[in-house]
Amino acid sequence: MKLYNTLTRKKEEFLPIKKDEISMYNCGPTVYDFIHVGNARPLVVFDTLRRFFIYKGYDVKFVVNFTDVDDKIIEKANKENTTLKAISERYIDAFMEDAEGLNLYDYETINPRATEFINEMIKFIEGLVDKGAAYNVDGNVYFNIESAKDYGKLSKKNLDELRSGSRIEVNKEKKNPMDFALWKKAKSEEPYWESPWGKGRPGWHIECSVMAKSLLGDTIDIHSGGEDLQFPHHENEIAQSETLADKPFANYWLHNGMITVNNQKMAKSEGNFFTIKDISDEYSLEALRFFLLSAHYRSPINFSRDAMEQTVNGLNRLYNGKNNLEYLINKTRSRELDEEDEKSLEKINKYKEEFIKSMEDDLNTADGIASIFELVKFANTNLNERSNKKVIIHAQNTLTELSNILGILSKTEEILEEEILKLIEERSEARKNKDFQLADEIRDSLQEQGIILEDTQDGVKWKRV
RNA sequence: GGCGGCAUAGCCAAGUGGUAAGGCAGAGGACUGCAAAUCCUUUACCCCCGGUUCAAAUCCGGGUGCCGCCUCCA
């Protein structure tokens, strides 16, 4: 498998540290509000990578943290006159709902909260202080970037340029303007924890370093996140972790491209964002997931109603293909494979191989999706009531297998209520008697309830929309 | 100003040396009582100008346009 590593700016062959286990850390949300589409992209993309690894037989330890202590959360808590915990609990719950809808929790994800690791953070910072890489100024502890070797190696920035291009206000406490806070002294009205430097709370960058170390070890296989986190967040994580451990922090750094709206980055601060909740009012979150996978993860992707409509229509095509196969399974019989059948099986396997190949090429989901469409097209065109059931089953299993890797096509048909079944019966009778007016009335009324009827050669099929 | 990325049909989007995957939308046709679904047919001077090569969307140089990071940000 090849993955594009931001550290080297190259596609590299992926070699895990352990033979059959992979550790992944993805920067998760700061829980001060509902997450938006931009936040969802890395979650969906790297969940898909995780799924692919699992498919290939690896055990995957996948960590997505919650940043539950931060200026913004504190601000919100003060504004609403409630506690930090109340705010973070609220948005963690909301996150879980969104995540469920996006199929992010089909496999176990480790979701640590920053506040559960305060002791580890303090120890981590103490270690840096002992090494002379961090210094305490009146309760604020800063990391001295001069002490990190190769500072800037991820984002390819050099210190001089950073200094001259810096828009940061000069903080007189800092030895170097680019030094960043590991521990922040508590102001009044702020939640705090006791520490060797007095009351305070951790800085942002330290959280991820500590949770990754505590849960996955000093060196992890993959660290991922949005490309806007490359600097300073990921750069600072590297600086802290590698200075303390004297080992590489992550072997592969993966970054996804930004979601745009009218070709401008979707961002909280820009105000041009759509929350997952907004989207789910209008579209299924599965469609959103499919949309996010429809382009290569490193490309920017423009979010629009138009794009979502296209995605929904495409997804429907896949569902129709899936439903047709399901339908055929009950209509066909198994028999010895003949030459034609063998050819079909080969064809189906070819689509699968192509899919896998695409995924192994730096997670090219867009290309992989094309293989799934081709598989569906093949089934639609070549498989029918006279086909060998064995072939139908193979097509269906393959479709399920591949769509499971992407985390789509997971909805299963529900069972219809008695009275609706009766109505469908009634309509069939009416059609038999050429009473098309009644038949159409029933069909229309069912459509209003979200049930679409299709008359096929072998009777009535239905689906929910 | 520094660093990085992108430009492929009406739209979305793969393809990184051998003359353009896939999807959406549109048009025509088949099937159908009508629909739906499905199938068939149909649409590309690969941003521009040079260069390398037998051969370039693909490599190199120069433009133009757009975007991201350098500040909280997925």
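All chains are named by letter (A, B, ...) in the order of the sequence lines, taking the proteins before the strands, and each is independently numbered beginning at 1.
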Chemist: Would you call the rings of A:F249 and A:W253 parallel, tilted or perpendicular, where under 30° means parallel and over 60° means perpendicular?
Modeler: tilted
Chemist: For B:rA37, does OP1 or OP2 lie under 4.0 Å from any side-chain N or O of A:N380?
Modeler: no
Chemist: In whole angstrom, give me the gap between the P atoms of B:rC11 and B:rU38.
Modeler: 24 Å
Chemist: Distance check, P atoms only: B:rC39 and B:rC45, in whole angstrom units.
Modeler: 27 Å
Chemist: Please state how far atom CZ in A:F290 lies from atom C1' in B:rG22, giving the value in whole angstrom units.
Modeler: 10 Å
Chemist: For B:rC49 and B:rA56, measure between their P atoms and round to the nearest Å.
Modeler: 15 Å
Chemist: State whether A:K265 places a side-chain N or O below 4.0 Å from either non-bridging phosphate oxygen (OP1 or OP2) of B:rC69.
Modeler: yes
Chemist: Look at A:D33 together with A:K72 and state whether they make a salt bridge at an N to O cut-off of under 4.0 Å.
Modeler: no
Chemist: Counting only side-chain N and O atoms of A:K357, is one of them less than 4.0 Å from OP1 or OP2 of B:rA21?
Modeler: no
Chemist: Given B:rC66, is OP1 or OP2 found less than 4.0 Å from the side-chain N or O atoms of A:N263?
Modeler: no
Chemist: Can a side chain N or O of A:Q264 be found less than 4.0 Å away from OP1 or OP2 on B:rG68?
Modeler: yes
Chemist: Mark yes when over 12 heavy atoms from residues, nucleotides or ligands other than A:N433 sit less than 6.0 Å from its CG; otherwise mark no.
Modeler: yes
Chemist: Between B:rU43 and B:rA21, how far apart are the two P atoms, rounded to whole Å?
Modeler: 12 Å
Chemist: Which base, if any, makes a Watson-Crick or G-U wobble pair with B:rU38, both distances under 3.5 Å?
Modeler: B:rA30
Chemist: Please give the nucleotide sitting opposite B:rU19 as a Watson-Crick or G-U wobble pair, both distances under 3.5 Å, or none.
Modeler: none
Chemist: Mind checking who B:rG68 pairs with, Watson-Crick or G-U wobble, both distances under 3.5 Å?
Modeler: B:rC3
Chemist: Using a strict 4.0 Å threshold on nitrogen-to-oxygen distance, state whether A:D71 and A:R201 make a salt bridge.
Modeler: yes
Chemist: A:F436 on top of B:rG33's base, within under 5.5 Å and under 30°?
Modeler: yes
Chemist: Listed in order of residue number, which residues of residues 360-371 of chain A have a non-hydrogen atom at under 4.0 Å from RNA chain B?
Modeler: A:N364, A:A366, A:D367, A:A370
Chemist: Searching all strands shown, indicate the nucleotide that pairs with B:rC47 (Watson-Crick or G-U wobble; both distances under 3.5 Å).
Modeler: B:rG63
Chemist: To the nearest Å, how far apart are A:R298 CZ and B:rC69 C1'?
Modeler: 16 Å
Chemist: Please confirm whether the shortest side-chain N or O distance from A:N313 to OP1 or OP2 of B:rC24 is below 4.0 Å.
Modeler: no
Chemist: Does the pair A:R50/A:D106 count as a salt bridge with the N-to-O cut at 4.0 Å?
Modeler: no
